[in-house]
Amino acid sequence: MQSHSVDRSHRRLRWMMLAPALAFVGLMIVFPLLFTIDLSLTDAFGAVNAGAEHVGLQNYGDALSDGRRFWPAVWRTVYFTVGAVVLETVLGLALAMLMRRAFRGIRWVRTVLIVPLLATPVAIGILWLLILDPTNGIANQLLKSVGIAPLEFLGSVSQSLPTLMVIDVWQWTPMMTLLLLAGLSTLPEEPEEAATVDGANAWQRFRHVVLPMLGPTIATALVLRSVDALKTFDILYATKGPGGGSAFEAETLNVLAYGLTFDYQEYALASAVLVLFTLFIIGVVLVLRRYAGRGAA
Amino acid sequence: MRFSRRRFGTLVAATAGTAALGSALGACSTPPVTRDTPLRMLAVNHVWTQAIRKLLPEFEERIGRKVSVSMLTADQLASSYNVKLNASATDIDVMMVRALQEQGLFAHNGWLADLTPRIQGDPDFAWDDVQPAPREASTVAGKVLSVPVVTERSVLYYRKDLGPPPSTLDELRERALQLTDRQKGFFGFVGRGQRSGAVTQWSSFLYSLGGDFVTDGRSRIGSPEAIAAYQYYGELLGKAGPPGATNMSLEQAMPIFAQAKAAFYVDADAIYSNFLDPKVSIVQDTVGFAPFPAGPAGSRPYNIPSWSVGINRFSRLQDDAWQFVRWASSRETVEKIQAAGIPGARTSVWADDKSLATFPAELAASMRVNAENGVGHDRPKVLQVGRARDIIGRPLVAGILGQDVPPVARDADAELTDFLVRDNRHQGI
């Protein structure tokens, strides 16, 4: 009898201890999510507090049938994310392998490597805008000095998204390097030593020993970075402005949803786009986790 | 042990509850208005705001209340209004708004106080003294919702060392193309090229070529005049302009002229001081100012109220906010501010030569001519101005990129027609 009462008391205490965290999650995550879903089912326009009518799934239909803005934005989101994350993973892995063994000046290299991570995205955007300005920027002056024709970079419809991918790679490759370096440091040395004894060269050791063992770390890094890259907004907005540029050339789903909200005040449609975007991200994470699970197995 | 654990649990719950309740109440409750409550103004970072801040002590002394001014960029300001006023915020009293950009939507949302009774009951305010076009732009459905404080017209900036200014659009194009030398990094013309940002400057070309955005509620951007204006501006900026022109707004275009890398530049007259500032300009001795060149329909630049002041409907200091609006747009204040080089909207001040004495003589003359010929809008008069500008700007970008303009213009015309149906429905028309 007494033991039953103690159990109940423990349970109550557990809930009490959890209550502040649950209240925070409910207030900051669950409520906004439910509010966004509810808003996406209305015709809210102009002011959220002006009163709106429920219109069912009409906004979802409008978004999914929009071939002018929505589907190109989906494609750009995928293109930007895949391009940037693949490059970051390859470069990050290469740098991590280089920095795996200590060498003279490694501390200095590591410090320099994390500098892009410390800067704020808007500051980075402005910095690159100045560097890549087609008329006054230093990048074209350098290209000219070595006899290469100047490029328009962010001023060009076709070069904008690849340029933004390069900026993203510049900023986030260090994070991939640090994550993979942490993974490499936990790998046992024996399998590599055994492979060396068996006569495997450096590439064979990397391809058949290190890479499989590093699989789970790479998968985790891929999930983390992909979700982050999918949500990229600040650098795109800071460099290309509203709508992702004059021909919407850098308009990803996030930029589109922001524009619908703040430039067009179409809160209901923006909410529908955001709900679809959230589902898309959840889908990507599930797929990546599934592959990561297979890789680890 | 059991007792102390329960007490501990109760204590934790009580603390968490109190904290949550406290923060919830803190967020919901608003402190009472006292004499120490400042009058809060949300404003754009603009030379007008900087000038009015310098004059604030005299106003603060008069009403016995401090005025707090927060300055943001135009985009940040619009986003800030959206966030705050959607929550019926009372911490903004005076709002700086663009009558032609956000005002219609704010009126639709019920965010701006109706100033009509105050203006009608105050003959000393002399509302009739405000220029007709800005006055009209301040009125929505018969209600005055803002008072204009800054006006602007498009003007042709040119380099005096490269010859006299062109008087027609044909001459402008011909000379701009002649003067362009891309190898040397010199361009015959520079102007805004961003899809939405360029629309307002392009409007002067559109009007001068005989077109308009919307007439009688119908889209006109597929008309022969509009297509001619799209092609003209596209050729001018695409062939005589700098690379990356479609990414250029005021911030990118203006420095190119200021750094002596362009022969002609069309933009608002309100930014002229940038070219006279030796810190950012090397053309202060060579810059000239000319009326907008004439097209087949004559010289028809825009002449608009770029910034106005209104009152937040949720403000708890409505009377003091009106006193501010009244003071900031009064003849005396406009006289001081215009004398400092910032053009206002008072007819009587414009008629006084002293108020234009600080402007370069050539600019003052151009401003007068442009004001006489001006059209009172530089973007379509719709509720969702941002969306309309995005549609109108599409053929403009196509023209700059050297694409075939007519099919893009026809497609944009169809899109604008659909948009107008929806926009009218929102307006209850």
Side-chain angles (χ1 to χ4, degrees), chain A residues 2 5-6 9-10 12-17 19-24 27 43-50 68-69 129 132-137 140 144 150-160 237 239-249 258-267, chain B residues 1-2 5-6 8-13 15-17 19-20 24 75 78-79 82-83 85-88 105-106 108-111 185 187 190 193-198 242-249 252 255-256 259 261 383-387 389-390 393-394 396-398 400-401 415 422 426:
Chain A
Q2 193 177 355
S5 170
V6 169
S9 171
H10 274 185
R12 200 183 300 148
L13 181 63
R14 208 159 50 215
W15 280 110
M16 280 176 177
M17 298 295 275
L22 285 176
F24 181 82
L27 211 65
D43 62 355
F45 164 76
V48 178
N49 52 5
R68 211 188 283 276
R69 301 281 291 273
L129 265 181
L132 301 175
D133 183 274
T135 311
N136 294 324
N140 269 342
K144 265 188 210 168
L151 295 169
E152 291 187 16
F153 298 112
L154 293 165
S156 151
V157 172
S158 58
Q159 292 168 23
S160 285
Y237 199 81
T239 52
K240 297 298 294 180
S246 284
F248 305 108
E249 63 268 23
Y258 182 88
L260 289 171
T261 308
F262 289 103
D263 299 334
Y264 300 168
Q265 288 77 35
E266 294 197 10
Y267 303 113
Chain B
M1 180 69 182
R2 211 173 75 190
R5 192 180 287 159
R6 182 179 290 170
F8 177 67
T10 312
L11 191 68
V12 168
T15 312
D75 286 342
S79 300
N82 270 319
V83 173
L85 299 179
N86 258 314
S88 308
L105 190 72
F106 288 4
H108 170 268
N109 297 346
W111 290 347
F187 310 100
V190 65
Q194 277 185 357
R195 180 189 62 248
S196 175
T246 56
N247 210 35
M248 289 195 319
S249 189
Q252 289 79 30
I256 292 176
Q259 291 303 308
K261 291 186 173 178
L383 213 51
Q384 278 183 291
V385 181
R387 193 181 260 278
R389 285 174 68 164
D390 274 345
R394 262 196 315 121
L396 201 52
V397 173
I400 297 166
L401 293 174
E415 194 185 352
R422 274 187 66 189
H426 284 310

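Here the structure is a predicted model, which means the values were calculated and not measured. Within every chain, numbering begins at 1; the chains are lettered A, B, ... in the order of the sequence lines, protein sequences first and strands thereafter. Atom set for the values below is all heavy atoms of this structure, side chains included, hydrogens, waters and symmetry mates excluded.
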Inset, instruction - Measure A:L27 against the heavy atoms of chain B and call it side chain, backbone, both or neither at under 4.5 Å. - result: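 Contact with chain B is absent: no heavy atom of A:L27 under 4.5 Å.
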
Inset, instruction - Sort A:T239 into side chain, backbone, both or neither according to what part of it lies under 4.5 angstrom from a heavy atom of chain B. - result: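 It is the backbone, since no side chain atom gets that close.
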
Inset, instruction - Check whether any side-chain N or O of B:N86 sits under 3.5 Å from a backbone N or O of A:V48 as a donor-acceptor pair, and report yes or no. - result: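 The answer is yes, because a donor-acceptor pair under 3.5 Å joins these two groups.
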
Distance-minimising heavy-atom pair for [X] and [Y]:
X: B:N82; Y: A:Y267; answer: OD1-OH, 3.2 Å
X: B:S79; Y: A:Y258; answer: OG-OH, 3.3 Å
X: A:G46; Y: B:N109; answer: O-ND2, 2.9 Å
X: A:S246; Y: B:R195; answer: OG-N, 2.7 Å
X: B:N247; Y: A:L154; answer: ND2-O, 3.2 Å

Inset, instruction - Starting from the C-alpha separation in whole Å, work towards a yes-or-no answer on side-chain contact (heavy atoms from CB on, under 4.5 Å) for A:R68 and B:R394. - result: CA-CA 12 Å; A:R68 211 188 283 276; B:R394 262 196 315 121; 3.0 Å; yes

Legend entry - Largest heavy-atom contact set with chain B, pairs under 4.5 Å, which of A:P134, A:G259, A:A47, A:G245: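 That would be A:A47.
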
Inset, instruction - For the residue pair A:F248 and B:V397, establish whether any side-chain heavy-atom pair is separated by less than 4.5 Å. - result: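 Side chain of A:F248 against side chain of B:V397, heavy atoms only: no contact under 4.5 Å found.
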
Give, for atom [atom1] of [X] and atom [atom2] of [Y], the distance between the pair rounded to the nearest 0.5 Å.
X: A:E266; Y: B:R422; atom1: CD; atom2: CZ; answer: 4.5 Å
X: B:Q252; Y: A:T135; atom1: CD; atom2: OG1; answer: 10.0 Å
X: B:L383; Y: A:Y264; atom1: CG; atom2: OH; answer: 14.0 Å
X: A:K240; Y: B:Q194; atom1: NZ; atom2: CD; answer: 8.0 Å

Against chain A, label [X] side chain, backbone, both or neither, depending on which of its atoms sit under 4.5 Å from a heavy atom there.
X: B:S249; answer: neither
X: B:F187; answer: side chain
X: B:L401; answer: side chain
X: B:A87; answer: backbone
X: B:R387; answer: both
X: B:S196; answer: neither

